[in-house]
Amino acid sequence: MEDKIRKVKQVAWISGVFTALVALLLLLNYLQLSGSEPLESKALTTLVERLVSEPDNQQLTGEVRQLDLLARKAYFNSIWQVRTGALLMLLGAIAFIVSMRWLLKMQFSIERPDEAKAPDKTTRTKTERWLWGAGGLLLLFGAVAALLSESKLSPIYAKSPLAKGLNEGVEQIEIQGTDSLAAGDSTALADSLRAEPEIPLNETTVKQQYNGFRGPFGQGVSTHTNIPVSFNGPSKKMVLWKTKIPVLGKNSPVVWGNRIYLTGATASKRMVYCIDRLTGAILWEGKVDKIAGSPASSPETTDDTGLAAPTATVDGKRVFALFANGDIIAFSHGGQRVWARNLGLPDNHYGHSSSLLTWNGKVFVQYDSQGHCKVMALNAETGKTMWNTPRSNEASWSSPIIATVKGKMQLILQATPNVAGYDLNSGKQLWTVNCMSGEVGPSPAFGGGLVYAGNEYAKLVGINPTSGAIVWESTDRLPEVSSPVYYKGLLFVATTYSVLACYDATNGKLLWEYEAKAPFYSSPVIADGKLYIFDTNGKAYVFNPGKTVHLIGTSVLGEKVYATPAFSEGCLYVRSSGNLFAIGKPL
Amino acid sequence: MIGMKHILLFLILLVSFQGMDAQVQRFPKPEFQTAYKVPTTVEPAPTSLLMEYVDVLVLVVVMSLTAWFIFKKRSRKGILWLSVFSLAYFGFYREGCICSVGSVQNVSLALFGEGYTLPLTVLLFFALPLLFSLAVGRVFCAAACPLGVVQDLVIVKPIKVAPWVQKSLGLFPYVYLALAVLYAATGTDFMICRYDPFVGIFRLGAGFNMIVLGICLLVIGMFVARPYCRFICPYGALLRVGSHLSKNHLSITPSNCINCKLCKNACPFDAIDFPVEEKENKATRTDFRKFMLYLVLIPILMAAGGWMMSASHRLLASVHQDVALSEIISKHPEVLLQKGNVDVDTFLASGMSLETLNKKAEVVREKFRVGGWYAGAFIGLVLGLMLLNEVVFRKREIHTANRSNCISCGRCMDFCPVEPTGGKKGKKK
Amino acid sequence: MSKPLNRRDFLKNLLRYSAGLTVLGVAGASLAKTQTKTWVWQIDPFKCTSCGRCATECVLTPSAVKCVHAYALCGYCDLCGGYLKPDHLERNTAAENMLCPTAAIERKFIEAPYYAYHINEDLCIGCAKCVAGCTSFGNGSLHLQINHHLCSNCNECAIARVCPSDAISRVSVDEAYRIKGSFGPTQK
């Protein structure tokens, strides 16, 4: 009997210790794993990143492959370990418990029941008290919970930053205010302020400027002449000046008179720059800050888009700029802040890109956000909303154009799934055609009575805006970022797979295509009767626009180009990733 | 293909939210020139429904056998081995799911919630042990419930828990029941499943915290017998009521109790009621007054409990997925701008407006506000009745199994020396 | 002496039968919302946003969620968005180009320019990296499904609790799978 007891005791000890050991091992394994998951090895990610930059390093490749294999093995090994460990622990525990119970059963004897029991009443009274205690605790918990709940009482639903009302935060600053005027060349500033003649505003004069994205009315055609066809950035051949832009942005330069306007933004700073067309000097830098309703932090955007993707627009008196956080501002040509407001945080995942367009005292804003799409017209002098038309489409990254259809000007916008035309004065939708899909980056084109719209993975269409009919469709070469341009019966489309295509604008037949070496983000534009286009490497191609391909020449800028060039008489202005170049003969 | 690399380059940057576009046939169906046949996708079949009905059958058989062991055979050994079988079958083989303890939630969700119909097997799992308990006592707890059995089997050296501790801790299962029903009915969460300490052991796989909790409970269970059953199990709260009202219940003695007191230390669960003398417990005037006071107090307690739980509805509701999201966005609107929080990002990509989300959250909160009244009132009622119970004097002349607490494990039967009329003597060392 | 006992017994009987009736009543009320079939959990691939929680939240390790390939929808592309990393160096089976962390996808050349992709379920951990890649640059033929051979069919699926797009729900055991190509995108 004693023997048996001893043996069972031994079994109990051994199994107990065994179970505890396995438990400890499993615990250690868990702690180790929770610190570093084998499949998410940081070491491996860093190595792979290195490999991407040095693709031909054979030894590195070998290391990466080995580490990857080890990581995978470690993962599956750990699973196996845990499983086996758990099973062993279970078996050990069973052995322990069984032996313990057996042991105690063998040592068991019925005790003599001799102690006096407490009177039932005392027990019950004590129980009462304890119940009250427990009840009291519950009451306490309940009270605390109710109190904590009350603090969440008033629905503190934040005003959805996406649903900003109209006319919120309209700020009017007297023209005399000078607080946003930053350093520039003060003499140059003074000179230009004095020397600036006022240009009357009508269709002809606007067509002589380059006041918006892709030129006057966004149609991509400039009437300026004597634009150089060949230049070289690195050797400075035909480079009139080159100015570094302090804060970067993907927007394109616009020109009015002797001033070029650009914007730039970082997460904490938004700036508007005015550059003298003749010398390249920065005349003034306009700070965009202290706007009521401006969000505390900038939205996340992709590197390709950035926080200053919309191109500014200029009328005779002011320049208007829009940023990815919804701030829109107007400066006078002299750099004074005229008005500023925040239109509400745009919600599109790449970053707001639609450029501004101005005409006849109105600034048009295409504001397509996920779930809230609209087009607005703001009063150019005061910033107040003149009309606001909701749109039923998805977020878009294209810009509006103004076209004259049957003698009347209308605003044409492209998004998924509609291309639509709006009346300039009332904002009323005049027509809409359901023909687009995907994420729309390119803007529409107009010419020969038809509206042209295209998007990668969707199609390219020619639409008759009076009847709303799709006249032709093509899926040959589709644009993704760059916008098409119409010129003399031809439609030019530049793609992100390095192809420039020419279509017959009347029927959509592909006439010719040209393959470049780098993608096209910049839009093709016509100036001096020639087609100019930059690829992302900064190489410029100049074509004679016609039914057959005729490349006049190519030039190298030497820096990356994503923005579309602007023109003035005898000069081409192109923004690279860090600088603004003026290409032309010295005057 | 010309320039594919360039497309991919650009697309790296564009990949952020294309995921919602889940069915876009970007590339056309290939036309194979060779004799390659496109394979079909295999669907591994789930376990057949038949097994679930077999489970119900096994449940009925085990409970009936337990009853037979208690009343006819009076064999603790039989119950023990039956319970081992249940642990193996319901526990490790069926991995402890679906179980009767959790079925309370399913029934609540089916009755009060939306969009859920109860499988018949689950309903049977819910109802059968309760009906059995009304007939023969807590036979389910004795040998059928794997959670109970696993605790029962690890009992090594049980200590005595004082009756006041047992009773006051015994309030908690009712609280748990009320909360579990409330949370299940509002479609928020299945609390009982989430905090089931033993299912991880049965599955041999669970989150770290749950495994640790389970092991701790079992270690405690080595000394404090069946801690989950006595102080936590919400289904046990219902079974207690059933067992209290049961027609037949386990009796320590096969015929008459001779008050030999040998069963004093028989029950590891302190479920044996000892004889109480009348003279030391004479009901006094104060006792009567107290009784009336407590009787009147019951509706007050119910109202207080109901009000407090209802008033806490915002706090209680905040664990619901939609409510939590709505609260995060309301408190920290800047999360809408920063990417990185998966729930917020998915919400933004879904196109649902913030107003809709907030409305959904309000609907859930309202359910908690209304349901809270019932849940809180129930807890208040239980507390009141428990207090009332303590004031009532019950004369007892013999040793009996406390009908509510006794789980019919049958250990005490082996201690009783009384011979069943015409039967064999009970075994004793 | 017998009278009070009788009253007591009567009361007890009354309560007993009331309790029994309550249980039956609750059961009866639930019968209105009862079905003979049982539920299993399944992922709606059109709601899934490839967040990766299926791999980490399942109570089992590795997860019962596996990637499934709807061959009928696959484009058999050389440049497979679900197989190759976005910044891959070459289109081959080398470890540095593979998206899958456990090398569960096997790539086989069929004929020019088609490649077949097959998932080894023993290696798949349900992390949805390939699903994200295939959905954003591909036909979306790779998607996650709960494998019912492995799934414990918990009363409340731990992944469903935290799925950000509510893609996991109870489905009838008859239609235990929602494989793309076999049903429409709006099926409940």
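Proteins get letters first, then strands, A, B, ... in listed order; numbering begins at 1 in each.
With a 4.5 angstrom heavy-atom cutoff, C/Ile125 touches chain A only via side-chain atoms. For A/Ile79, the part lying under 4.5 angstrom from a heavy atom of chain C is the side chain only. Proximity to chain A is limited to the backbone of C/Asp122, based on heavy atoms less than 4.5 angstrom apart.
With respect to chain C, the highest number of heavy-atom pairs below 4.5 Å among A/Lys73, A/Arg83, A/Arg72 belongs to A/Arg72. The most heavy-atom pairs under 4.5 Å with chain C, out of A/Leu51, A/Asp68, A/Val64, come from A/Leu51.
In this pair, C/Tyr115 and C/Phe109 present their aromatic rings perpendicular. The plane angle is above 60°, beyond the 30 to 60° band.
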>> Between C/Arg170 and C/Thr38, does the side-chain contact (heavy atoms from CB on, under 4.5 Å) criterion hold? Intermediate values first, please.
In response: CA-CA 9 Å; C/Arg170 292 183 173 96; C/Thr38 190; over 6 Å; no
For this session: Check step by step if side-chain contact (heavy atoms from CB on, under 4.5 Å) holds for A/Phe18 and A/Leu91.
Result: CA-CA 10 Å; A/Phe18 174 74; A/Leu91 292 172; 6.0 Å; no
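At distances below 3.5 Å, not a single donor-acceptor pair connects side-chain atoms of C/Tyr71 with backbone N or O atoms of C/His118.
Taking NZ from C/Lys47 and CD1 from C/Ile168, the interatomic distance works out to 11.0 Å, rounded to the nearest 0.5 Å.
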